[in-house]
Visitor: 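Below are the structure tokens for one structure; questions will follow.
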Amino acid sequence: MIVRVSWFLLGALVLVQICYPLTSGDLRAGLTVTTVVLGVAGSVWHATVSRGFRATATLVGAAMLGGFAVEAAGVATGFPFGTYDYSGELGPKLLGVPLIIPLAWTWMAWPAWLAASRLVADRAARIVVAAVGLTAWDLFLDPQMVAEGYWRWHAPTPALPGLSGIPVSNYLGWLGFALLVMTAMSTIKNVDVSQNQDRPMLALWLWTYFSSVLAHAVFLHLPHSALWGGIGMGAVVLPLLIRETARLTRARAGLAPETTGLTREAAERDRGTAGPTEETAGPTRETASRRP
């Protein structure tokens, strides 16, 4: 049931995103909002049922509430992203921020964290990998949304080559805030979950990458963001794809699965608790061997 709901929400999101480049105007804006709503519902649902309410509270507090706070500060002061403002096409706004925007932070922060957890075991490295992955997603998102007129930058220079209209400060701001979000996420207690349970979120992460490259390159006529996003987000997505493919291959061959970041931590804990038992067992065997 848990996994089925996650797959259902992902399937609905994919269907809506497929329709996106085939529409325009208000309908396209409506599909944008629908995509975010389905995405955040899937991430919050998965966080709750797989890691518990404390994990969900951390995700919502850091990404959603924190996302709204940093966006409100950005609109009002220009820090940390640069000076910009939102149009009214993405629905109602509070303090100049469409309410859908902090939901988008929450939607993608969760799969970014889970993907990083599959790649690295070290806490600091996991924070960096997750933050880089989330920031790299904006190499697709910002050019697409600016092209649609959903927001605009007042001082869009200096910019990355080919991504005119978006200042480099935007991506630096994203990285800074993403590091804070992932630092908060790193406090979530690790729990043992089945590989199947996380698959919908990992599939969302992979789908977001590959569909974005395709959409930008072919349907949205944004080749530069397809290239920048393909390289940037690919740096964290493609290693995950290779690892997961290898794991599935080993599983089908009946071999022991390669440990991930989370399973390595669990294995280390197990070894730590198993050590004393083996040590205390030694004298017992020696005593038994001396008995007549």
Visitor: Just grab all the ring-ring contact (aromatic ring centres under 6.0 Å, His included) pairs involving residues 17-39, residues at least two apart or on different chains.
Guide: none
Visitor: What pair of heavy atoms forms the shortest contact from H46 to R51, and how long is it?
Guide: CE1-NH1, 3.7 Å
Visitor: Can you tell me how far the CG atom of L103 sits from the CE atom of M108, to the nearest 0.5 Å?
Guide: 14.0 Å
Visitor: Can you get from L65 to V181 by hopping between Ile, Leu, Val, Met, Phe, Trp and Tyr side chains that sit under 4.5 Å apart?
Guide: no
Visitor: Answer yes or no: is there a donor N or O on one side and an acceptor on the other, between the side chain of D138 and the main chain of L141, under 3.5 Å?
Guide: no
Visitor: Taking the ring of W113 and the ring of W205, is the distance between their centroids below 6.0 Å?
Guide: no
Visitor: Taking C-beta and beyond as the side chain, do F140 and V213 meet within less than 4.5 Å on heavy atoms?
Guide: yes
Visitor: So, S87 side chain and G149 main chain: donor-acceptor pair closer than 3.5 Å or not?
Guide: yes
Visitor: I need the R250 CZ to L248 CG distance, nearest 0.5 Å.
Guide: 12.0 Å
Visitor: For a side-chain contact (heavy atoms from CB on, under 4.5 Å) check, start with the C-alpha distance between F68 and L94, then their side-chain angles and the critical distance, and finish with the verdict.
Guide: CA-CA 9 Å; F68 174 77; L94 178 63; 3.6 Å; yes
Visitor: Side-chain heavy atoms under 4.5 angstrom apart, residues restricted to Ile, Leu, Val, Met, Phe, Trp, Tyr: same cluster for L180 and I127?
Guide: no
Visitor: Are L214 and L222 in one and the same hydrophobic cluster, where Ile, Leu, Val, Met, Phe, Trp and Tyr link if side-chain heavy atoms are under 4.5 Å apart?
Guide: no
Visitor: Starting at CG of L163, measure out to CG of L139 and round the result to the nearest 0.5 Å.
Guide: 7.0 Å
Visitor: Determine the minimum heavy-atom distance between V75 and V97, stating which atoms define it.
Guide: CG2-CG2, 4.1 Å
Visitor: Tell me the closest heavy-atom pair linking S164 and A159, and the distance in Å.
Guide: CA-CB, 4.3 Å
Visitor: Kindly indicate whether the side chain of W45, heavy atoms from C-beta on, has any atom under 4.5 Å from the side chain of V5.
Guide: yes
Visitor: Given S43, which of P111, S6, P200 fulfils the side chain to side chain contact (heavy atoms under 4.5 Å, CB included) condition?
Guide: P111
Visitor: Under a 3.5 Å distance rule, please check whether R243 uses its side chain to pair with a backbone N or O of R118 as donor and acceptor.
Guide: yes
Visitor: I'd like to know whether Y84 forms a side-chain contact (heavy atoms from CB on, under 4.5 Å) with N170, so could you lay out the CA-CA distance, the side-chain angles of the two residues, the decisive distance to 0.1 Å, and finally the verdict.
Guide: CA-CA 10 Å; Y84 64 104; N170 168 61; over 6 Å; no
Visitor: Hey, does D122 have a side-chain heavy atom less than 4.5 Å from the side chain of R126?
Guide: no
Visitor: If Ile, Leu, Val, Met, Phe, Trp and Tyr residues are connected whenever their side-chain heavy atoms lie under 4.5 Å apart, and connections chain through other members, are L227 and F219 in the same group?
Guide: no
Visitor: Less than 4.5 Å apart, any side-chain heavy atom of W174 and any of P80?
Guide: no
Visitor: Does the separation of the ring centres of F177 and W105 fall below 6.0 angstrom?
Guide: yes
Visitor: Do V33 and L15 share a hydrophobic cluster (ILVMFWY, side-chain heavy atoms under 4.5 Å, transitive)?
Guide: no
Visitor: Looking at T135 and V132, would you say the former's side chain and the latter's main chain have a donor-acceptor pair under 3.5 Å?
Guide: no
Visitor: Between I188 and R54, does the side-chain contact (heavy atoms from CB on, under 4.5 Å) criterion hold? Intermediate values first, please.
Guide: CA-CA 7 Å; I188 296 174; R54 288 188 178 181; over 6 Å; no
Visitor: Let me confirm one number: the OG1-CD distance from T32 to E148, rounded to the nearest 0.5 Å.
Guide: 7.0 Å
Visitor: What's the separation between atom CG in L119 and atom CD1 in I242, rounded to the nearest 0.5 Å?
Guide: 10.0 Å
Visitor: Check whether any side-chain heavy atom of R199 sits under 4.5 Å from a side-chain heavy atom of W7, and report yes or no.
Guide: yes
Visitor: Check whether more than 12 heavy atoms from other residues, nucleotides or ligands sit under 6.0 Å from atom CZ of F79, and answer yes or no.
Guide: no
Visitor: Quick one: does any side-chain atom of W110 pair with a main-chain N or O of M201 as donor and acceptor, under 3.5 Å?
Guide: no
Visitor: Would you give the length of the straight line joining atom CD1 of I166 to atom CG of D142, rounded to the nearest 0.5 angstrom?
Guide: 4.5 Å
Visitor: Does the side-chain hydrogen bond (donor to acceptor under 3.5 Å, both in side chains) test come out yes or no for D85 and W153, once each step is laid out?
Guide: CA-CA 7 Å; D85 62 69; W153 294 93; over 6 Å; no
Visitor: Taking the six-membered ring for Trp and the full ring for Phe, Tyr or His, determine whether the centres of W151 and Y86 are under 6.0 Å apart.
Guide: yes
Visitor: For M233 and G133, which heavy atoms make the closest approach, and how far apart are they?
Guide: CG-O, 4.4 Å
Visitor: Would you say H216 and S225 are linked by a side-chain donor-acceptor pair, where the criterion is simply a distance under 3.5 Å?
Guide: yes
Visitor: With side-chain contact (heavy atoms from CB on, under 4.5 Å) as the test, would you mind laying out the steps for L240 and Y209 before giving the verdict?
Guide: CA-CA 12 Å; L240 174 70; Y209 172 71; over 6 Å; no
Visitor: Just jot down the side-chain contact (heavy atoms from CB on, under 4.5 Å) partners of T23, sequence neighbours excluded, or say none.
Guide: L27, R28, L31
Visitor: For residues F81 and G173, report the shortest heavy-atom separation together with the two atoms involved.
Guide: CE2-C, 3.6 Å
Visitor: Which atom names give the shortest non-hydrogen contact between A109 and L59, and what distance separates them?
Guide: CB-CD1, 4.2 Å
Visitor: Is there a donor-acceptor contact under 3.5 Å from the side chain of T106 to the main chain of M64?
Guide: yes
